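Presented below is the structure to which this report refers.
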Amino acid sequence: MTGPDQSDLNVSEAPIASAASTTKSAIRRDWLIFALIMAIGWAVPLLAGGFYIYLGLMIAIYAMASLGLQLMVGLAGQLSLGHAAFLGIGAYTTVLLEKQAGFSFLPAALCGMAGAGIMGLLMAQLIRLSGVYFKIATFGFGVVVYQVISNTTWLTGGHVGIRGIPPISIFGFDVVSRKDLFILEMAMLTIVYALLVRLCHGRIGRAFAAIGQNESAARSVGIPTDAYRMAVITIGCAVAGLAGSLLPHLMRFLSPESFGWHESLVLLIMITVGGLGSLPGAIIGTAVLIVVPEYLRELAEYKMLVYGLLLVLCMMFLPNGIFGLLSGLCAKLGKRGARAP
């Protein structure tokens, strides 16, 4: 019996080599995009200063929360309609530990992140509900958290809120200026973004993506979908909690109004406008939805209307979001450059 022809071996190995090459290329591309976005995010506010530092502060906080939501929704397909609640859990846990228990910022923020992750794991038990029922249940979960925060006035101050937010001190360094706070926030965002890029290209990230693309197919090849769905929800909520720990130190005030259903809607619009399934898209969408209203202050009363119009226009004309548009343009330019003599 004759062995296989050498040409057959070459043909069979070609797709494997091509797939490996494509994967390496995708990893290099994503790290390059990471470096480019973070370089812009660091440079523009620091060089421009003033009001741009404040915009950078807002973008860094909400970009972190959007990255967590993008991991859940865009990658793994686990739509949450109450994500702002986990910002609130992180914010209130951090501030209460600082004010009532004398914690410094870093351990308080880590506790806020852990608290949001634990509550996310609790919400993840709702995956037993199928289809639209799970989505509605996440909305209900967010409403419950909002009501608890609003009505436990003895602890959270209710709608009166909490004032006198303690200043941040890390390793003996006091964060007193907006520039110092911006550096801290951007350092945290850079770390979170880098970890999520690494996660998405690992075995766990590929399992998340498989579930998002076709849960039944993922289950058929042996992926424990329920465990991975709970894991991605927990991670996404924990990241939101970390972002929430920074918000009161920027606003110098904390109230439940920052964590209602409309904030959850805004976070969903951010990742959709930027591009679902794309970590850079989450940051781009956040930047757009924070910067645009600042230059349309005379329409401040219609901010949600502007957000809604942006969402509708993107769904109609940019189904892959702003990042998808930019990626397509770069691909076309690359092809033209390759054809040029």
Side-chain angles (χ1 to χ4, degrees), residues 22-23 25-41 44 55-56 58-81 83-84 135 189-190 192-202 205-206 208-214 232-233 235-236 239-240 243 263-293 304 306-335:
T22 301
T23 301
S25 176
I27 293 173
R28 286 195 298 268
R29 180 201 64 200
D30 286 354
W31 281 114
L32 180 62
I33 293 171
F34 162 81
L36 178 61
I37 287 179
M38 297 316 300
I40 294 172
V44 172
L55 287 179
M58 292 292 293
I59 291 169
I61 291 173
Y62 282 95
M64 205 181 304
S66 295
L67 285 171
L69 186 61
Q70 186 75 287
L71 188 71
M72 293 168 56
V73 179
L75 185 68
Q78 307 305 304
L79 179 61
S80 172
L81 299 177
H83 201 61
K135 300 172 180 62
L189 174 61
T190 303
V192 168
Y193 187 6
L195 289 175
L196 291 183
V197 171
R198 180 68 184 85
L199 175 68
C200 288
H201 285 294
R206 291 193 294 272
F208 290 160
I211 293 169
Q213 291 169 12
N214 191 320
V232 75
I233 292 170
I235 294 170
V239 172
E263 293 297 328
S264 296
L265 178 60
V266 169
L267 288 169
L268 280 171
I269 295 173
M270 285 175 175
I271 64 172
T272 305
V273 169
L276 278 176
S278 160
L279 294 180
I283 296 180
I284 293 170
T286 301
V288 169
L289 265 72
I290 286 178
V291 171
V292 168
M304 291 304 295
V306 173
Y307 286 169
L309 287 174
L310 280 173
L311 177 62
V312 170
L313 291 173
C314 276
M315 295 298 288
M316 290 177 63
F317 302 108
L318 297 175
N320 295 320
I322 296 173
F323 181 71
L325 173 65
L326 295 176
S327 298
L329 291 174
C330 289
K332 288 181 180 179
L333 291 174
K335 289 179 179 179

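Scope of the values below: all heavy atoms of this structure, side chains included, with no hydrogens, waters or symmetry mates. None of these values were measured; they are calculated from a predicted model. We're numbering straight along the sequence, starting at 1.
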Is there a donor-acceptor pair under 3.5 Å between the side chain of Arg206 and the backbone N or O of His201?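 Between the backbone of His201 and the side chain of Arg206 there is a qualifying donor-acceptor contact (under 3.5 Å).
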
Looking only at heavy atoms, what is the nearest atom pair of [X] and [Y], with distance?
| X | Y | value |
| --- | --- | --- |
| Pro280 | Tyr193 | CG-OH, 3.3 Å |
| Met64 | Leu189 | CE-N, 3.8 Å |
| Leu268 | Ser80 | CD1-O, 3.8 Å |
| Ser66 | Thr286 | OG-OG1, 3.0 Å |
| Leu267 | Ala65 | CD2-CB, 4.1 Å |
| Gly281 | Phe323 | CA-CB, 3.9 Å |

Decide side-chain contact (heavy atoms from CB on, under 4.5 Å) for Arg28 and Leu32; before the verdict, give the C-alpha distance in whole Å, the side-chain angles of both, and the deciding distance to 0.1 Å. CA-CA 6 Å; Arg28 286 195 298 268; Leu32 180 62; over 6 Å; no

Using the side-chain contact (heavy atoms from CB on, under 4.5 Å) rule, take Leu81 and Ser264 through it: C-alpha gap first, then chi angles, then the decisive distance, then the call. CA-CA 6 Å; Leu81 299 177; Ser264 296; 5.9 Å; no

I'd like to know whether Phe34 forms a side-chain contact (heavy atoms from CB on, under 4.5 Å) with Thr190, so could you lay out the CA-CA distance, the side-chain angles of the two residues, the decisive distance to 0.1 Å, and finally the verdict. CA-CA 9 Å; Phe34 162 81; Thr190 303; 3.9 Å; yes

Per-pair distances, 0.1 Å, donor-acceptor, side chain in residues 67-78, under 3.5 Å, sequence neighbours excluded:
{"from": "Gln70", "atom 1": "OE1", "to": "Gly277", "atom 2": "N", "distance (Å)": "3.1"}
{"from": "Gln70", "atom 1": "NE2", "to": "Gly275", "atom 2": "O", "distance (Å)": "2.9"}
{"from": "Gln70", "atom 1": "NE2", "to": "Ser278", "atom 2": "O", "distance (Å)": "2.7"}
{"from": "Gln78", "atom 1": "OE1", "to": "Arg229", "atom 2": "NE", "distance (Å)": "2.8"}
{"from": "Gln78", "atom 1": "OE1", "to": "Arg229", "atom 2": "NH2", "distance (Å)": "3.2"}
{"from": "Gln78", "atom 1": "NE2", "to": "Ala76", "atom 2": "O", "distance (Å)": "2.9"}

With a 4.5 Å cut-off on side-chain heavy atoms, are [Y] and [X] touching?
| X | Y | value |
| --- | --- | --- |
| Met270 | Ile290 | yes |
| Val273 | Leu318 | no |
| Phe208 | Leu199 | yes |
| Leu279 | Ile283 | no |

To the nearest 0.5 Å, tell me how far Ile284 CD1 sits from Leu326 CG.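 Spacing of CD1 (Ile284) from CG (Leu326) equals 5.5 Å.
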
Say you draw a straight line from CD1 of Ile269 to CG of Leu310; how long is it, rounded to the nearest 0.5 Å?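 Between atom CD1 of Ile269 and atom CG of Leu310 there are 8.5 Å.
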
Positive for side chain to side chain contact (heavy atoms under 4.5 Å, CB included) with Met315, one of Val312, Leu313, Leu311: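 It is Leu311, the one option of Val312, Leu313, Leu311 that forms the side chain to side chain contact (heavy atoms under 4.5 Å, CB included) with Met315.
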
Mind jotting down which residue pairs meet the side-chain hydrogen bond (donor to acceptor under 3.5 Å, both in side chains) criterion with at least one end in residues 317-326? Sequence neighbours excluded, please.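 Every pair satisfying side-chain hydrogen bond (donor to acceptor under 3.5 Å, both in side chains) with a residue in residues 317-326: there are none.
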
Report the C-alpha distance between Ile322 and Val288 in whole Å, list the side-chain angles of each, state the deciding distance to 0.1 Å, and finish with yes or no for side-chain contact (heavy atoms from CB on, under 4.5 Å). CA-CA 10 Å; Ile322 296 173; Val288 169; 3.7 Å; yes

Set of side-chain contact (heavy atoms from CB on, under 4.5 Å) partners for Leu36, sequence neighbours left out: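 Leu36: side-chain contact (heavy atoms from CB on, under 4.5 Å) contacts with Ile40.
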
